[in-house]
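Single-structure report; data block below.
Order of the sequence lines fixes the chain letters, A, B, ..., with proteins taken first and strands second; residue numbering starts at 1 for each chain. What's counted below: heavy atoms across the whole structure, side chains too, no hydrogens, waters or symmetry copies.
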Number of protein chains: 2
Amino acid sequence: MATLKYSRQREAIKEFLATRKDHPTADVVYQNIREIYPHISLGTVYRNLTLLSDLGEILRLRLSDGVDHFDADTSLHYHFICKDCGSVIDLELDSIDHINAAAGRNFPGQIDGNVTYFYGTCKDCLLSKPMETS
Amino acid sequence: MATLKYSRQREAIKEFLATRKDHPTADVVYQNIREIYPHISLGTVYRNLTLLSDLGEILRLRLSDGVDHFDADTSLHYHFICKDCGSVIDLELDSIDHINAAAGRNFPGQIDGNVTYFYGTCKDCLLSKPMETS
DNA sequence: TATAATAACAGTAATCGTTACTGATTACAA
DNA sequence: TTGTAATCAGTAACGATTACTGTTATTATA
């Protein structure tokens with residue numbers, strides 16, 4: 001039961017996400033899909049983003065800015081968040097899962113994985129304010 | 001300007017947090033402080049938690065569960081989140097900041113640090129359901 | 001010690017991201 | 001076709017957090 005039926009809205013959301021590398025929020029997805037399907041509901045966007053991430057077809061990123069970001073790239077990779085402009089950028093970095101063993105050394109529970117992201121200042125923000133006034 | 005004035009409510013919040021190692025949420029803080037100051041407002045709790053974390057006297061943890069957790073221990077340490085019961089537990093783990101250099105290898109921006117936490121199943125939850133039925 | 005300035009308060013309303021509900025529509029199997 | 005159930009659009013509800021407002025309390029200074 002609960003057979004998955006085709007929906008052009010869901011397909012459009014998936015396709016849109018695949019074209020973007022900037023990890024858009026639900027609202028950004030909504031605003032863009034609306035240009036193709038002007039009557040799409042924000043609820044539909046949320047429902048399908050949740051459905052797709054439950055299916056493992058997209059990634060839901062819960063960063064520290066309070067809003068969810070979505071990523072069509074489900075392969076193992078890490079993210080950088082600029083603390084000035086808030087942009088989310090992919091990083092080239094090999095798996096750091098070796099830290100799981102170290103973390104579990106004196107821990108009685110079972111460690112399955114870690115959530116890690118990096119923060120700092122992105123290239124563009126470094127250029128736009130090259131020197132600190134402190 | 002903006003001189004910090006003493007407030008017994010803020011002091012109580014700080015003291016309460018110092019007694020807890022389970023990283024309570026704002027609402028848990030509120031419920032507990034109410035036993036001492038029955039008329040304290042939830043807004044006051046939020047305001048002071050934000051103030052204290054801005055001052056660096058406590059830590060605000062934004063995990064993936066959508067609610068903020070607070071920690072009186074501001075020393076460098078890492079956290080484990082049980083995906084079954086949601087409890088937040090301190091980990092004994094040396095700094096993993098060496099991953100910052102690896103992350104910055106092919107990255108044009110400036111990496112200041114990382115946010116990392118671990119997830120899995122805590123000891124209590126392992127014991128309460130010892131075998132999977134899959 | 002008064003007193004004036006203002007930080008902090010309690011109470012409450014507003015905000016914002018997200019989820020749930022409702023009745024209409026659409027995909028798809030029989 | 002036609003029945004059914006998944007999906008939809010629209011909207012209301014939700015929960016965590018923040019902002020506002022008029023009152024109270026801390027504290028510097030007279």
Side-chain angles (χ1 to χ4, degrees), chain A residues 1-17 22-55 57-71 81 86-88, chain B residues 1-17 22-55 57-71 81 86-88:
Chain A
M1 59 196 70
T3 316
L4 199 65
K5 281 184 185 169
Y6 174 84
S7 112
R8 57 191 70 204
Q9 289 91 340
R10 179 162 61 242
E11 209 55 33
I13 289 168
K14 232 176 108 177
E15 280 175 21
F16 169 71
L17 265 188
D22 62 346
H23 315 80
T25 62
D27 196 64
V28 170
V29 173
Y30 173 57
Q31 299 300 341
N32 280 271
I33 301 293
R34 266 219 297 196
E35 296 178 4
I36 311 169
Y37 298 102
H39 292 291
I40 196 171
S41 166
L42 181 56
T44 297
V45 172
Y46 270 106
R47 182 164 19 82
N48 281 299
L49 287 173
T50 300
L51 178 56
L52 289 170
S53 68
D54 286 348
L55 291 173
E57 300 194 19
I58 65 173
L59 242 47
R60 178 193 290 252
L61 308 178
R62 291 187 187 274
L63 311 173
S64 296
D65 61 356
V67 295
D68 289 357
H69 295 254
F70 296 89
D71 189 348
I81 296 96
S87 63
V88 183
Chain B
M1 59 196 69
T3 317
L4 199 65
K5 280 184 184 168
Y6 173 85
S7 110
R8 57 191 70 205
Q9 290 91 338
R10 178 161 62 240
E11 209 56 32
I13 290 168
K14 230 175 109 175
E15 281 175 20
F16 169 72
L17 264 188
D22 62 345
H23 317 80
T25 61
D27 195 65
V28 170
V29 173
Y30 173 59
Q31 299 299 341
N32 279 271
I33 301 293
R34 267 216 298 196
E35 296 178 4
I36 311 168
Y37 298 102
H39 292 291
I40 197 172
S41 166
L42 182 55
T44 298
V45 172
Y46 270 105
R47 181 162 20 80
N48 280 299
L49 287 173
T50 299
L51 178 56
L52 289 170
S53 68
D54 286 349
L55 291 172
E57 300 193 20
I58 65 173
L59 241 49
R60 178 192 289 251
L61 308 178
R62 291 188 187 272
L63 311 173
S64 296
D65 61 356
V67 295
D68 288 357
H69 295 254
F70 296 89
D71 189 350
I81 295 97
S87 64
V88 183

* To do: Report yes or no: do A:Thr50 and A:Arg47 form a side-chain donor-acceptor pair below 3.5 Å?
  => no

Output yes when at least one side-chain N/O atom of [X] is less than 4.0 Å from OP1 or OP2 of [N], else no.
| X | N | result |
| --- | --- | --- |
| A:Gln9 | D:dA9 | yes |
| B:Arg8 | D:dT26 | yes |
| B:His39 | C:dG11 | yes |
| B:Thr44 | C:dA10 | yes |
| B:Arg47 | D:dT18 | no |

Between [options], which one does the side chain of [X] approach most closely?
| X | options | answer |
| --- | --- | --- |
| A:Ser41 | D:dT17, D:dG10, C:dT19 | D:dG10 |
| B:Ile40 | C:dC9, D:dA25, C:dA10 | C:dA10 |
| A:Tyr46 | C:dT19, C:dA27, D:dA16 | C:dT19 |
| B:Asp68 | D:dT17, C:dA10, D:dT18 | D:dT17 |

* Structure fact -> When A:Thr44, A:Leu4, A:Val45, A:Leu49 are each screened for side-chain contact (heavy atoms from CB on, under 4.5 Å) with A:Arg10, the one that passes is A:Leu4

* Evaluate side-chain contact (heavy atoms from CB on, under 4.5 Å) for B:His23 paired with B:Phe70, printing each intermediate quantity in order. => CA-CA 5 Å; B:His23 317 80; B:Phe70 296 89; over 6 Å; no

* What's the verdict on side-chain contact (heavy atoms from CB on, under 4.5 Å) for B:Ile33 and B:Gln9, showing C-alpha distance, side-chain angles and the deciding distance? -> CA-CA 8 Å; B:Ile33 301 293; B:Gln9 290 91 338; 5.9 Å; no

* Tell me: CZ of B:Phe70 to P of D:dA16, nearest whole Å? -> 13 Å

* To do: With heavy atoms under 4.0 Å as the rule, sort B:Arg10 into base, sugar-phosphate or nothing.
  => sugar-phosphate

* Would you classify B:Asn48 as touching base, sugar-phosphate or nothing, given that sugar-phosphate means primed atoms plus P, OP1 and OP2, and contacts are heavy atoms under 4.0 Å? => sugar-phosphate

* Distance-only donor-acceptor test, B:Lys5 side-chain atoms vs D:dA25 base atoms, 3.5 Å -> no

* Taking the nucleotide of DNA chain D with the closest heavy atom to each, which residue, B:Gly43 or B:Ser7, is nearer the 5' end? -> B:Gly43

* Can you tell me how far the CG atom of A:Leu17 sits from the CD1 atom of A:Ile58, to the nearest 0.5 Å? -> 5.5 Å

